[in-house]
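Everything numeric in this text was worked out from a predicted model, so none of it was measured. Within every chain, numbering begins at 1; the chains are lettered A, B, ... in the order of the sequence lines, protein sequences first and strands thereafter.
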There are 2 protein chains.
Amino acid sequence: MKKTKLGEFEELVLLTVAALQHDAYGVEIKRELETRLNERLSVGSIQSALKRMEEKGFLTSAFGEATLKRGGKRKRIYYTTSHALKVLEEMRAIRADLWKSIPLIVSELKMI
Amino acid sequence: MKKTKLGEFEELVLLTVAALQHDAYGVEIKRELETRLNERLSVGSIQSALKRMEEKGFLTSAFGEATLKRGGKRKRIYYTTSHALKVLEEMRAIRADLWKSIPLIVSELKMI
DNA sequence: ATTTTATTCCTGATTGCAGTAGAAATAAAT
DNA sequence: ATTTATTTCTACTGCAATCAGGAATAAAAT
């Protein structure tokens, strides 16, 4: 695997950004992923993944407007680039093909 | 994400081991993954991923018999543990759910 | 029979991802 | 004005990912 590719965690964060659309900012991404992984995450780990991916051209970001809730610091909203979506789709296809190649007996065992 | 989980590359290697069944040894895994990723890999990177995953309980290994071809050094054959298959399936489910949550307009863009 | 070539495994060193801890900024509530 | 809630951001550590090269084994070529 060449550099400029995605790490495991980065890929999950990227998918979450795509899923959240205009609500994709640090803390919300944290909440969403914690629910999906059923596991606690630190905001910092997500922030640094977001920063890395922005530098690599997988994400862009812009500040949104201030909230009306307490602690109304401006949210930095992240958006996936078309390049990111292309890479995500490539990864999905590669994994899907691998799963197809796994003998049936084995791939049914895991259902237990 | 907690430790003892899989990295991006490790997961691909693990899936390849599952797919190759009794032919899952270093050099063959390299060939198979190079074809699937359409990208050159070093054997060493695969060997160290295999070693790490064996230590973490995702794989077991045993030496096979010598080949009849040139360079008949004994192959170390790797097998996935049931724990590995369980974790692989968990990861698959998490990604599948995320993809389902990505708005349709976006998830069709990537088809281009 | 010894040298070359092919197949495989293994190790040491480097780069960069993953994750933690905590500070800083902003503003509503009290 | 102090507390509390929401958010971003940075510095640091550990380990995953990768590379470069060496070692073991044996068939083939000479």
Per the atom types in the model, does the base of D/dA26 pair as donor or acceptor with the side chain of B/Arg74 at under 3.5 Å? no
[X]: which residues meet the salt bridge (Lys or Arg N to Asp or Glu O under 4.0 Å) condition with it, sequence neighbours left out?
X: A/Glu32; answer: A/Arg36
X: A/Lys75; answer: none
X: A/Asp97; answer: A/Lys100

Report the nucleotide, chosen from C/dC10, D/dT7, C/dA18, that has the shortest atom-to-atom distance to any side-chain atom of A/Glu10. C/dA18
Which of the following nucleotides, C/dT8, D/dT8, D/dT7, is nearest to the side chain of B/Lys75? C/dT8
Pairs under 3.5 angstrom, nitrogen or oxygen only, protein versus nucleotides 11-13 of chain C, please.
none

Respond yes when some side-chain nitrogen or oxygen of [X] is under 4.0 Å from OP1 or OP2 of [N], and no when none is.
X: A/Arg52; N: C/dG19; result: no
X: A/Lys56; N: C/dC17; result: yes
X: A/Tyr25; N: D/dT7; result: yes
X: A/Ser42; N: C/dG19; result: no

Can you list every salt bridge (Lys or Arg N to Asp or Glu O under 4.0 Å) pair that touches residues 41-52 of chain B, not counting sequence neighbours? B/Glu10-B/Arg52
For B/Tyr79, enumerate each residue passing the ring-ring contact (aromatic ring centres under 6.0 Å, His included) test, keeping only those at least two apart in sequence or located in another chain. B/His22
Give a yes/no verdict on a cation-pi contact between B/Arg76 and B/Phe63, requiring under 6.0 Å between NZ or CZ and the six-membered ring centre and an angle within 45° of the axis. yes
